[in-house]
> 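Please see the structure below; I have some questions.
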Protein chains: 2
Amino acid sequence: MTQAAFFVLTALADEPRHGYGILREVEELSDGAVQLRVGTLYGVLDRLTADGLIVLDREEVQQGRLRRYYRLTDEGMRALDAEAERMAAGASAAKQRIAEGRKAGGTPPVTGPGLAGGLA
Amino acid sequence: MTQAAFFVLTALADEPRHGYGILREVEELSDGAVQLRVGTLYGVLDRLTADGLIVLDREEVQQGRLRRYYRLTDEGMRALDAEAERMAAGASAAKQRIAEGRKAGGTPPVTGPGLAGGLA
DNA sequence: ACTGAATATATCGGCTGCCGATATATTCTG
DNA sequence: CAGAATATATCGGCAGCCGATATATTCAGT
């Protein structure tokens with residue numbers, strides 16, 4: 001699963017949203033760190049739909065503008081959960097190894113004086 | 001940062017390793033979940049070197065076979081730490097939203113046994 | 001002695017996927 | 001009336017992953 005797909009699924013995890021709403025939601029939930037681009041979105045949406053992870057929930061016309069809402073399927077929910085698990089495990093493994101690298105004696109991998117503070 | 005790059009950095013976080021060793025290490029540390037391919041590795045290694053996140057540590061000839069060891073730079077360590085932080089945050093956000101989606105009343109996004117059959 | 005697997009390096013082409021640019025249309029703000 | 005925001009969608013370039021391929025040595029099995 002790509003990063004973009006993961007964040008789209010995450011944005012849809014609590015409630016159905018439309019494309020533009022997903023864009024804003026991803027930016028918000030990641031605190032501005034992840035910027036999902038418009039050009040990326042629809043490709044991801046199509047792929048996730050083809051994979052059965054999301055479905056078109058409904059179409060609304062709000063103030064003259066079409067809103068196409070998507071929601072997670074059961075499979076999408078499961079996939080997101082599994083991916084979140086993998087990511088947490090990966091992040092945890094990385095942190096642990098950073099700590100191991102620091103305490104290791106022999107040939108410390110470029111651990112300078114200014115580093116310790118930033119890595120906690 | 002791509003997934004492949006992240007896992008290469010993670011594999012190098014505790015001590016310097018050579019290409020083939022990284023391959024095996026990534027598979028091991030991810031419990032077989034991540035399979036870094038040979039064709040992917042050297043491109044990643046080149047890119048990480050160009051970005052200054054890793055450097056060639058040394059070259060050894062062990063039993064007639066060349067071993068090219070890489071290690072993290074300070075910048076690489078910082079980048080890995082930051083990426084691990086982002087991943088943990090993303091995983092956490094996803095988990096939280098999954099929980100929110102489940103407890104939410106009105107239009108539950110495909111949660112529960114009753115919906116399971118009908119959603120496709 | 002020979003074969004195949006493992007170890008170890010590296011390259012190349014195809015395919016997938018991200019993103020900037022672009023297009024269209026309505027509403028709201030200045 | 002112009003520009004920004006909302007909202008959709010497509011297209012082409014480029015980056016990056018991966019299977020296939022090439023080369024060379026060591027080790028285990030027959």
Side-chain angles (χ1 to χ4, degrees), chain A residues 1-12 15-28 30 32-51 53-71 79 83 86 90, chain B residues 1-12 15-28 30 32-51 53-71 79 83 86 90:
Chain A
M1 170 158 348
T2 62
Q3 289 295 109
F6 172 79
F7 279 103
V8 168
L9 291 183
T10 301
L12 293 177
E15 60 177 8
R17 289 177 206 276
H18 62 282
Y20 196 79
I22 294 171
L23 244 38
R24 280 177 298 138
E25 187 62 19
V26 167
E27 188 165 353
E28 194 179 318
S30 72
V34 180
Q35 292 228 329
L36 185 63
R37 311 297 170 147
V38 193
T40 307
L41 179 66
Y42 295 98
V44 173
L45 248 26
D46 289 345
R47 241 172 294 131
L48 288 175
T49 300
D51 292 347
L53 303 186
I54 62 174
V55 283
L56 183 60
D57 186 64
R58 67 188 188 278
E59 288 182 345
E60 278 179 14
V61 178
Q62 200 107 59
Q63 297 165 319
R65 296 193 205 91
L66 177 67
R67 283 183 173 178
R68 191 162 288 159
Y69 285 80
Y70 292 88
R71 63 173 157 80
E83 185 69 15
R86 273 190 293 272
Chain B
M1 167 159 349
T2 63
Q3 289 296 108
F6 172 79
F7 279 103
V8 168
L9 291 183
T10 302
L12 293 177
E15 59 177 9
R17 290 177 205 278
H18 61 282
Y20 196 80
I22 293 172
L23 244 37
R24 281 178 297 138
E25 186 63 19
V26 166
E27 188 164 355
E28 193 181 317
S30 72
V34 180
Q35 292 229 329
L36 186 64
R37 311 297 169 146
V38 193
T40 306
L41 179 67
Y42 295 97
V44 172
L45 248 25
D46 288 346
R47 238 171 297 130
L48 288 175
T49 300
D51 292 347
L53 302 186
I54 63 174
V55 283
L56 183 61
D57 186 64
R58 67 189 187 278
E59 288 181 347
E60 278 181 13
V61 178
Q62 201 106 59
Q63 296 164 320
R65 296 191 206 93
L66 177 65
R67 284 183 172 178
R68 190 162 290 158
Y69 285 79
Y70 292 88
R71 63 174 157 83
E83 186 68 14
R86 273 190 293 271

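By convention in this document, chain letters (A, B, ...) are assigned in the order of the sequence lines, proteins followed by strands, and residues within each chain are numbered from 1.
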> Rounding to an integer number of Å, can you tell me how far A/Arg65 CZ sits from C/dT24 C1'?
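Nearest whole value for this atom pair: 13 Å.
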
> For B/Arg67 and C/dT9, what is the distance between atoms CZ and P respectively, to the nearest whole Å?
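Checked: the CZ to P distance equals 8 Å.
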
> Checking salt bridge (Lys or Arg N to Asp or Glu O under 4.0 Å) between A/Asp57 and each of A/Arg67, A/Arg17, A/Arg71, which is the one that passes?
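Exactly one option meets the salt bridge (Lys or Arg N to Asp or Glu O under 4.0 Å) with A/Asp57, and it is A/Arg71.
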
> Measure CD/A/Gln62 against C1'/C/dA25 and give the value in whole Å, please.
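In whole Å, C/dA25 C1' lies 16 Å from A/Gln62 CD.
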
> Between A/Leu23, A/Asp46, A/Val26, which is the residue that forms a side chain to side chain contact (heavy atoms under 4.5 Å, CB included) with A/Leu41?
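It is A/Leu23; the other options fail the test.
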
> Does B/Gln63 have a side-chain nitrogen or oxygen under 4.0 Å from the phosphate oxygens OP1 or OP2 of D/dC27?
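Yes, because at least one side-chain N or O of B/Gln63 sits under 4.0 Å from OP1 or OP2 of D/dC27.
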
> Applying side-chain contact (heavy atoms from CB on, under 4.5 Å), name anything that partners B/Gln3, two or more places apart in sequence or on another chain.
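Expected list: A/Gln3, B/Phe7.
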
> Below 4.5 Å, heavy atoms only, C-beta onward: do A/Phe6 and A/Thr10 meet side chain to side chain?
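When only atoms from C-beta onward are counted, A/Thr10 and A/Phe6 do touch, with a gap below 4.5 Å.
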
> Measure from CZ on A/Phe6 to C1' on C/dG17 and round the result to the nearest Å.
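Result: 18 Å.
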
> When you measure from the side chain of B/Arg37 to the backbone of B/Gln35, do you find a donor-acceptor pair of N or O atoms at a distance under 3.5 Å?
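Yes, B/Arg37 side chain to B/Gln35 backbone: donor-acceptor pair under 3.5 Å.
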
> Taking the basic N atoms (NZ, or NE/NH1/NH2) and the acidic carboxylate oxygens, is any pair closer than 4.0 Å for B/Glu27 and B/Arg24?
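Judged by the 4.0 Å cut-off on N to carboxylate O distance, B/Glu27 and B/Arg24 do not form a salt bridge.
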
> Quick one, A/Leu66 and A/Glu59 - any side-chain contact, counting heavy atoms below 4.5 Å?
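Yes, close enough: below the 4.5 Å cut-off.
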
> Mapping A/Leu41 and B/Leu45 to their closest nucleotides on DNA chain C, which lands nearer the 5' end?
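By nearest-heavy-atom nucleotide position, the 5'-most residue is B/Leu45.
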
> Using whole Å, what does the distance between atom P of nucleotide D/dT26 and atom CG of B/Leu66 come to?
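After rounding, the reported distance stands at 13 Å.
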
> What parts of residues 17-28 of chain A reach DNA chain C, counting only heavy atoms under 4.0 Å away?
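Contacting residues: none.
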
> In sequence, state the C-alpha distance, the side-chain angles, and the governing distance for B/Ile54 and B/Leu12, and then conclude on side chain to side chain contact (heavy atoms under 4.5 Å, CB included).
CA-CA 9 Å; B/Ile54 63 174; B/Leu12 293 177; 3.8 Å; yes

> Measure from the side-chain N and O atoms of B/Thr40 to the backbone N and O of B/Leu36, and report whether any donor-acceptor pair falls under 3.5 Å.
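It does not hold such a pair.
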
> Can you tell me the distance, in whole Å, between the OH atom of B/Tyr42 and the C1' atom of C/dT9?
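It works out to 5 Å between those atoms.
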
> Produce a footprint string for nucleotides 13-18 of chain D: one letter per nucleotide, 5' end first; B if the base is under 4.0 Å from any protein heavy atom, S if only the sugar-phosphate is, - if neither.
---SSB

> Rounded to whole angstroms, how far apart are CG on A/Asp46 and P on C/dC18?
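Roughly 12 Å, once rounded to whole Å.
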
